[in-house]
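Just the heavy atoms: all of them, side chains too, but no hydrogens, waters or symmetry mates, feed the values below.
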Amino acid sequence: KIKNITDLRPAEMARLEYRFKDEHGAGRGLRRDEFEAVMREFTGMAGKMGGQLFCKIDANDDGTVEWDEFLDYIVHEAGSKLDAGKHLAGCTVEPANAPMLFCQPKDMVGAHVLCKKQRIIVSVGLVRREVVFWNLDTLTKAGEANIPTISQVDSR
(Lines give C-alpha, C1' and ligand atoms only; values in the text may rest on other atoms or scores of the structure.)
Protein backbone atom coordinates (compact mmCIF):
# COMPACT_ATOMS: atom_id res chain seq x y z
CA LYS A 1 0.00 0.00 0.00
CA ILE A 2 1.26 3.47 -0.90
CA LYS A 3 1.17 6.11 1.82
CA ASN A 4 0.33 9.65 0.73
CA ILE A 5 3.18 12.06 1.47
CA THR A 6 0.70 14.53 2.94
CA ASP A 7 -0.15 11.89 5.57
CA LEU A 8 3.36 11.57 7.02
CA ARG A 9 3.58 12.12 10.78
CA PRO A 10 5.83 14.81 12.30
CA ALA A 11 8.53 12.29 13.32
CA GLU A 12 8.55 10.88 9.77
CA MET A 13 8.77 14.38 8.33
CA ALA A 14 11.79 15.11 10.57
CA ARG A 15 13.52 11.94 9.36
CA LEU A 16 12.62 12.82 5.79
CA GLU A 17 14.01 16.35 6.14
CA TYR A 18 17.30 14.87 7.34
CA ARG A 19 17.58 13.03 4.00
CA PHE A 20 17.59 16.42 2.22
CA LYS A 21 20.74 17.52 4.13
CA ASP A 22 24.40 16.87 3.45
CA GLU A 23 26.90 15.43 5.96
CA HIS A 24 27.34 18.90 7.51
CA GLY A 25 23.61 19.45 8.02
CA ALA A 26 23.28 21.97 5.18
CA GLY A 27 20.37 21.71 2.81
CA ARG A 28 20.88 20.01 -0.52
CA GLY A 29 18.68 18.75 -3.28
CA LEU A 30 18.00 15.09 -4.01
CA ARG A 31 18.72 13.79 -7.50
CA ARG A 32 15.98 11.80 -9.16
CA ASP A 33 17.40 8.39 -8.18
CA GLU A 34 17.89 9.52 -4.55
CA PHE A 35 14.39 11.03 -4.45
CA GLU A 36 12.84 7.81 -5.80
CA ALA A 37 14.67 5.77 -3.14
CA VAL A 38 13.52 8.12 -0.37
CA MET A 39 9.90 8.03 -1.61
CA ARG A 40 10.00 4.23 -1.78
CA GLU A 41 11.28 4.15 1.83
CA PHE A 42 8.79 6.63 3.29
CA THR A 43 5.67 6.00 1.19
CA GLY A 44 6.09 2.67 -0.58
CA MET A 45 5.98 4.51 -3.92
CA ALA A 46 7.87 2.54 -6.56
CA GLY A 47 8.51 2.53 -10.27
CA LYS A 48 7.35 5.39 -12.47
CA MET A 49 5.35 7.04 -9.70
CA GLY A 50 8.46 8.31 -7.90
CA GLY A 51 9.87 9.74 -11.14
CA GLN A 52 6.58 11.41 -12.01
CA LEU A 53 6.38 12.94 -8.55
CA PHE A 54 9.99 14.15 -8.87
CA CYS A 55 9.09 15.97 -12.11
CA LYS A 56 6.04 17.59 -10.48
CA ILE A 57 8.01 18.81 -7.47
CA ASP A 58 11.22 20.00 -9.20
CA ALA A 59 9.75 23.47 -9.71
CA ASN A 60 12.95 25.16 -10.93
CA ASP A 61 13.77 22.20 -13.20
CA ASP A 62 17.39 21.96 -12.00
CA GLY A 63 17.41 18.17 -11.73
CA THR A 64 17.15 18.10 -7.94
CA VAL A 65 14.33 18.45 -5.42
CA GLU A 66 15.21 20.74 -2.52
CA TRP A 67 13.46 20.57 0.84
CA ASP A 68 11.67 23.88 0.18
CA GLU A 69 10.29 22.60 -3.14
CA PHE A 70 9.15 19.45 -1.40
CA LEU A 71 7.40 21.41 1.37
CA ASP A 72 5.74 23.73 -1.15
CA TYR A 73 4.35 20.68 -2.92
CA ILE A 74 3.08 19.12 0.31
CA VAL A 75 1.39 22.36 1.39
CA HIS A 76 -0.25 22.69 -2.04
CA GLU A 77 -1.42 19.05 -2.01
CA ALA A 78 -2.73 19.27 1.55
CA GLY A 79 -4.61 22.46 0.66
CA SER A 80 -6.14 20.73 -2.36
CA LYS A 81 -7.27 17.83 -0.17
CA LEU A 82 -8.88 20.25 2.29
CA ASP A 83 -10.61 22.18 -0.51
CA ALA A 84 -11.94 18.97 -2.02
CA GLY A 85 -13.43 17.98 1.34
CA LYS A 86 -15.24 21.26 1.93
CA HIS A 87 -18.99 21.47 1.52
CA LEU A 88 -19.99 23.31 -1.63
CA ALA A 89 -21.53 26.54 -0.41
CA GLY A 90 -24.90 27.42 -1.86
CA CYS A 91 -26.07 23.92 -2.87
CA THR A 92 -27.54 21.14 -0.79
CA VAL A 93 -28.88 17.76 -1.83
CA GLU A 94 -32.24 17.05 -0.28
CA PRO A 95 -34.25 13.81 -0.20
CA ALA A 96 -37.22 13.60 -2.52
CA ASN A 97 -39.64 15.35 -0.17
CA ALA A 98 -39.87 18.73 -1.88
CA PRO A 99 -43.32 20.15 -2.62
CA MET A 100 -45.26 18.38 -5.37
CA LEU A 101 -44.89 21.53 -7.46
CA PHE A 102 -41.33 20.48 -8.19
CA CYS A 103 -42.23 16.96 -9.33
CA GLN A 104 -43.19 15.77 -12.76
CA PRO A 105 -46.41 13.77 -13.22
CA LYS A 106 -45.95 9.98 -13.29
CA ASP A 107 -42.34 10.25 -12.19
CA MET A 108 -40.43 9.33 -9.08
CA VAL A 109 -38.11 12.12 -8.04
CA GLY A 110 -34.89 10.69 -6.62
CA ALA A 111 -33.42 13.89 -5.27
CA HIS A 112 -33.64 17.63 -5.25
CA VAL A 113 -30.64 19.92 -5.31
CA LEU A 114 -31.32 23.32 -3.82
CA CYS A 115 -28.97 26.02 -5.17
CA LYS A 116 -29.79 29.10 -3.12
CA LYS A 117 -27.19 31.34 -4.70
CA GLN A 118 -28.44 30.56 -8.22
CA ARG A 119 -32.07 30.62 -7.02
CA ILE A 120 -32.96 27.24 -8.52
CA ILE A 121 -34.04 23.77 -7.48
CA VAL A 122 -32.96 20.86 -9.61
CA SER A 123 -35.14 17.74 -9.46
CA VAL A 124 -33.83 14.44 -10.76
CA GLY A 125 -36.45 12.06 -12.10
CA LEU A 126 -35.88 8.33 -11.85
CA VAL A 127 -38.46 6.97 -14.29
CA ARG A 128 -38.24 9.38 -17.20
CA ARG A 129 -34.51 10.06 -16.61
CA GLU A 130 -35.08 13.76 -16.61
CA VAL A 131 -33.44 16.67 -14.82
CA VAL A 132 -35.72 19.67 -14.34
CA PHE A 133 -34.57 23.13 -13.29
CA TRP A 134 -37.08 25.20 -11.30
CA ASN A 135 -36.87 28.96 -10.75
CA LEU A 136 -37.22 29.64 -7.01
CA ASP A 137 -38.50 33.17 -7.54
CA THR A 138 -41.32 32.40 -9.98
CA LEU A 139 -41.83 28.71 -9.03
CA THR A 140 -41.88 27.82 -12.72
CA LYS A 141 -39.93 25.36 -14.79
CA ALA A 142 -36.79 27.07 -16.09
CA GLY A 143 -35.43 24.20 -18.16
CA GLU A 144 -34.98 20.48 -18.45
CA ALA A 145 -32.62 17.88 -19.82
CA ASN A 146 -32.92 14.16 -20.47
CA ILE A 147 -30.37 11.80 -19.00
CA PRO A 148 -29.30 9.27 -21.65
CA THR A 149 -29.25 5.57 -20.86
CA ILE A 150 -26.02 3.58 -20.99
CA SER A 151 -27.02 2.08 -24.36
CA GLN A 152 -27.67 5.58 -25.75
CA VAL A 153 -24.26 6.74 -24.58
CA ASP A 154 -22.50 3.64 -25.97
CA SER A 155 -24.14 4.07 -29.40
CA ARG A 156 -22.70 7.60 -29.86
Handout entry: R9/E12 salt bridge by N-O under 4.0 Å criterion
Key =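 The answer is no: the pair does not qualify as a salt bridge.
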To the nearest 0.5 Å, what is the distance between [atom1] ([X]) and [atom2] ([Y])?
X   : Y   : atom1 : atom2 : result
Q52 : E36 : CD    : CD    : 10.0 Å
I57 : L30 : CD1   : CG    : 10.0 Å
M45 : K3  : CE    : NZ    : 12.0 Å
F70 : L16 : CZ    : CG    : 4.5 Å

Would you name the heavy atoms of [X] and [Y] that are closest together and state the gap between them?
X    : Y    : value
R19  : F42  : NH1-CE1, 4.0 Å
A142 : N135 : CB-N, 4.2 Å
R28  : K21  : NE-O, 3.5 Å
C55  : R32  : SG-NH1, 3.8 Å

Practice task
Not counting sequence neighbours, list each pair that qualifies as a salt bridge (Lys or Arg N to Asp or Glu O under 4.0 Å) and has a residue in residues 58-72.
Solution key: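 Checked against salt bridge (Lys or Arg N to Asp or Glu O under 4.0 Å) - neighbours excluded - no pair reaches residues 58-72.
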Problem - With sequence neighbours excluded, residues passing side-chain hydrogen bond (donor to acceptor under 3.5 Å, both in side chains) with R40 - result: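 Checked R40 against side-chain hydrogen bond (donor to acceptor under 3.5 Å, both in side chains); zero matches.
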Exercise for the section: Side-chain contact test, heavy atoms from C-beta onward, threshold under 4.5 Å: evaluate it for K56 versus Y73 and give yes or no. Expected result: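 Sidechains of Y73 and K56: in contact.
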Exercise for the section: Report yes if the side chains of L71 and M13 come closer than 4.5 Å at any heavy-atom pair, otherwise no. Expected result: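 Yes, their side chains come closer than 4.5 Å.
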Practice task
Name the orientation class of the two ring planes belonging to F20 and F35 (parallel below 30°, tilted from 30 to 60°, perpendicular beyond 60°).
Solution key: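 Rings of F20 and F35: perpendicular, over 60°.
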Exercise for the section: Please test F133 against K141 for side-chain contact (heavy atoms from CB on, under 4.5 Å), starting from the C-alpha separation and ending with a verdict. Expected result: CA-CA 6 Å; F133 303 88; K141 189 188 296 186; over 6 Å; no
